[in-house]
Amino acid sequence: MSAETITLTLPDGSAREFPADATPLEVARTIGERLAKAAVAGQLDGAVVDLRAPIRRSGAFRVLTAKDPEAGAVIRHSAEHVLADAVERVFPGTIIDAGRQDHSEKFQYDFRIDHAFTQEDLEKIEAEMARIVKEGRPFERRVVGRPQAAEIFKSRKEEIKLVRLADIPEGDEITLFQHGEFVDLCRGPHVQRTDQIGAFKLIETSGAYFKGDERNEMLQRIYGTAFATKEELDAYFAKIEEARRRDHRRLGKELDLFSFSPLAPASPFFHPKGAAVYNELLAFMRGLYVKYGYQEVITPQLFDAELWKTSGHYFHYKENMFFAEVDEREYGLKPMNCPSHCVLFGVHAHSYRDLPLRIADFGRLHRYERSGVVQGLTRVRSFCQDDAHIFCMPSQIGAEVDSLFDLMFEVYGTFGFNDPVVYLSTKPEGAMGDDALWESAESQLQECLTRRGVAFTVNTGDGAFYGPKIDFVVHDAIGREWQLGTIQLDWNLPERFKLAYVGEDGAEQRPVMLHRAVLGSVERFFGVMLEHFAGDLPLWLAPEQARVLPVSDKFLDAARAVKAGLVAAGLRAEVDERSEKLGAKIRDGELAKVPVLLIVGAREAEAGGASVRLRHRGDLGSRTLDEIAATMTATTKQRALDPWPEAK
RNA sequence: GCUGGCGUAGCUCAACUGGUAGAGCAGCGGAUUUGUAAUCCGCAGGUUACGGGUUCGAGUCCCAUCGCCAGCUCCA
């Protein structure tokens, strides 16, 4: 292959030669005029490229049209320019900043304008955008020199663009995209014509700091989204609606699980039902602690500031802590358990034979979170973690991590969070501990992941300064990602607390500490899980596992007997004693998302059982009390997701 | 913390440009005795988040505080 030609392998497998400066659009024309017309972008070795940018290298190539999912980001990116164009037209004098990096779902643009956009403004802007889209203006791509670009933005009085231009590293190619009158500094890619933006909608406005830094001026941001078709746009909003329906804050209120009070901002009150669920989560973890060799401890809430000075929190985490002064002594409310576990480790002299020492703690933690960041149960100021610290020898890291993986996968699988995504973060700049320690630890972690065949992503340099870490991200029932578990290696705290064990050779050695949580914050997990199940908790977690519904008051005693039998079997059951019609009791039971409704009428009272109605599955017919209790206790014990396997 | 929005009965929400705060559900009382997603009648429920102000008059307009929501930011 000469320098002047490139070879492109097309989707049909054919390899064709093109001049090196050929653009995707030109390639598309050689395939077909209709394809060229429909083209939205090119794709070279998986990367989406602009139709007008010379390809310059060989590879697997294809033309993307609006039908391809990869085209969505290009469409949204183009809609973003149309948004900025429309705002400049509707609000002359507005200085534009820049759009969004990630166009996988949304687009956004920031503006300097002495006015906060209102809903009516958005409508006006949308109307203007619609006009621009309809006009089918072609996007033009231009490569320009730095002075030329500066000249263009200066003449347009786009002051912020000049700052942005200056931020582009020397030597980088500077490209401009223009449609109609509107010019923007942009890498692309963009669609050919504005009318390829099939359907768009502006979503909301907000303030946003210039370059995301709160010391900078605040700009006005507008968010929107766009798709090739109206159907896709509707599907996007349907998904948002589905997420709203599952919102744990809404479900928590509807199901009477928890609430908040202005008297304790960002600190949940778990009602009796919520507390029942919460305690089941803890009981689940406690059971696993026995299996995995943990010892649970209970440690104080409030510590002398001295502890936080030793741990380093006093200097690095103070702004997230609550303090109190009593008897002229400064105390800090614990935001983490690790320092107290270090104190605990120091209580006894330890032999290498004691290690690994696994210390679990469900202690309540308090962290001051800024008022703007707290949110439902997912970001609170008072919470507890299924926290544990493992003190071990550096050589034991691999085995400990291996065991942690078993634990993590067992826990996540129980909730139906299958195939968690794993991230490994490695040594950052300015880390503590010598390179040999880091290398050994990182390779032990990697080996463990590879041995298990767990797919993972390495975040190079993203580890904490005190050690590498592994994060677990799960997908919920509607595909959203949640980071839950974490494993962090730490050689800093053992050093600070001068922890030691006596090794085989009789010499004192420094242990390594592993911080780990599986659920993470139990509060946050509670929220995530509630959304994952859309409020339909599996039987073992349901605060009210069964509700007995007498067909009429005549069967109240029979209903109470069924409840008594279930309670005796260790189940959580209630009787609906209201003199309502059966239909009303069923409706209320369903709305309360009680997994098992047990109906007792003349037939069942006679036979000493109940008719079983399962949520989402309906009437199963009559069962004896013994059968009901046996099935429910079995699925509860197994923590099965399916409350009634025999019904299938 | 910042920008914007919001705060009315336990819950969900009404109350046009300032003019007597209202409904459904839940609650309570009564009637009804019900067979797989709402039986009927009645009663009660409010310092309109909180504190000031403008006005003859404020749920509505203005200021401050608290909280909630979205975004920014933070996440040793």
Side-chain angles (χ1 to χ4, degrees), chain A residues 106 108 110 113 115-119 121-122 203-223 240 244 247 249-250 253-256 259-267 308 311-321 335-336 338-339 367-376 378-379 428 464-467 469 483 486 488 490 492-493 515 521 524 549-556 578-594 597-605 610-622:
Chain A
K106 292 194 263 193
Q108 71 188 39
D110 291 352
I113 178 172
H115 168 78
F117 294 114
T118 64
Q119 196 53 46
D121 293 339
L122 288 193
I203 300 170
E204 64 186 343
T205 66
S206 79
Y209 298 104
F210 179 54
K211 292 187 190 175
D213 188 330
E214 62 185 321
R215 289 166 301 191
N216 289 341
E217 68 171 307
M218 184 165 269
L219 304 171
Q220 293 299 317
R221 176 172 293 178
I222 297 179
Y223 289 90
I240 304 273
R244 212 176 61 83
D247 191 317
R249 292 166 296 191
R250 160 195 287 252
K253 196 184 269 186
E254 282 174 3
L255 303 178
D256 196 19
S259 63
F260 291 88
S261 160
L263 295 173
S267 306
W308 308 114
S311 70
H313 288 83
Y314 198 83
F315 308 101
H316 299 289
Y317 203 67
K318 197 177 182 185
E319 62 282 8
N320 280 297
M321 289 176 63
M336 299 182 193
C338 28
R367 295 184 188 173
Y368 172 73
E369 301 282 0
R370 299 209 287 176
S371 63
V373 305
V374 297
Q375 199 226 19
T378 52
R379 198 71 183 270
F465 79 89
Y466 50 75
K469 65 170 180 175
Q483 201 230 293
T486 177
Q488 298 183 12
D490 183 359
N492 175 47
L493 280 182
H515 307 248
S521 148
R524 182 166 180 278
L549 315 180
V551 168
S552 81
D553 292 355
K554 286 180 209 145
F555 310 109
L556 259 175
R578 301 172 304 165
S579 72
E580 284 288 352
K581 287 171 70 171
L582 181 61
K585 294 179 193 176
I586 286 173
R587 179 167 199 272
D588 291 338
E590 292 283 351
L591 290 176
K593 301 187 193 285
V594 178
L597 297 180
L598 298 171
I599 292 145
V600 177
R603 296 191 293 274
E604 294 81 3
S611 168
V612 177
R613 181 188 160 110
L614 290 187
R615 189 155 159 75
H616 301 304
R617 223 183 288 169
D619 190 6
L620 293 193
S622 287

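The sequence lines fix the lettering, A, B, ..., with proteins before strands; numbering per chain opens at 1.
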[atom1]-based separation of [M] from [N] [nearest Å]:
N	M	atom1	value
B:C28	B:G19	C1'	35 Å
B:U48	B:G18	C1'	15 Å
B:U20	B:C16	P	10 Å
B:A58	B:G51	C1'	15 Å
B:C61	B:G24	P	28 Å
B:U32	B:C40	C1'	8 Å
B:C50	B:A64	C1'	11 Å
B:G7	B:A49	P	8 Å

Mind calculating the distance between [atom1] ([X]) and [atom2] ([N]) to the nearest angstrom?
X	N	atom1	atom2	answer
A:D256	B:G10	CG	P	15 Å
A:D588	B:C11	CG	P	18 Å
A:D110	B:G4	CG	P	15 Å
A:E580	B:U34	CD	C1'	10 Å
A:R578	B:A31	CZ	P	18 Å
A:N216	B:G1	CG	C1'	15 Å
A:L614	B:A37	CG	C1'	15 Å
A:D553	B:G30	CG	P	13 Å

So what does [X] touch, heavy atoms closer than 4.0 Å: a base, only the sugar-phosphate, or nothing?
X	value
A:T118	nothing
A:Q119	nothing
A:E604	base
A:K585	nothing

- Item | Evaluation steps, salt bridge (Lys or Arg N to Asp or Glu O under 4.0 Å), between A:D213 and A:K211 | CA-CA 6 Å; A:D213 188 330; A:K211 292 187 190 175; over 6 Å; no
Under 3.5 Å on both distances, the Watson-Crick or G-U partner of [N]:
N	value
B:G22	B:C13
B:U55	none
B:G71	B:C2
B:U33	none
B:G7	B:C66
B:C28	B:G42
B:U60	none

- A:V600 or A:R587: which one's nearest nucleotide on RNA chain B is closer to the 5' end? A:V600
- Message: Can you work out whether A:G621 or A:F117 has the more 5'-proximal nearest nucleotide on RNA chain B?
- Response: A:F117
- Query: Does the distance from a Lys or Arg side-chain N to an Asp or Glu carboxylate O, for A:D110 and A:R221, drop under 4.0 Å?
  - Reply: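 Here A:D110 pairs with A:R221 in a salt bridge, since their nearest N and O are under 4.0 Å apart.
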- Task: Assign a letter to each nucleotide of nucleotides 62-76 of chain B from its 5' end: B, base within under 4.0 Å of a protein heavy atom; S, sugar-phosphate only; -, no contact.
- Result: -----SSSSBBBBBB
- Item | Which nucleotide in B:U33, B:A38, B:U36 has an atom nearest any side-chain atom of A:K554 |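 For A:K554, the side-chain atoms sit closest to B:U33.
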- Candidate nucleotides B:U3, B:U36, B:U34, ranked by approach to the side chain of A:K581 - the nearest: B:U34
Is there a donor-acceptor pair closer than 3.5 Å between any side-chain N or O of [X] and the backbone N or O of [Y]?
X	Y	result
A:E590	A:R587	no
A:D121	A:T118	yes
A:K585	A:R578	yes
A:S267	A:P265	yes
A:N216	A:F210	yes

- Task: Determine the minimum heavy-atom distance between A:Y223 and A:Q108, stating which atoms define it.
- Result: CE2-OE1, 3.2 Å
- Item | A:L255 to A:A592 - nearest heavy-atom pair and separation |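 That would be CD2-O, 3.8 Å.
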- Task: Could you label the plane-to-plane angle of the A:H313 and A:W308 rings as parallel, tilted or perpendicular, counting under 30° as parallel and over 60° as perpendicular?
- Result: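 The arrangement is perpendicular - the two ring planes meet at more than 60°.
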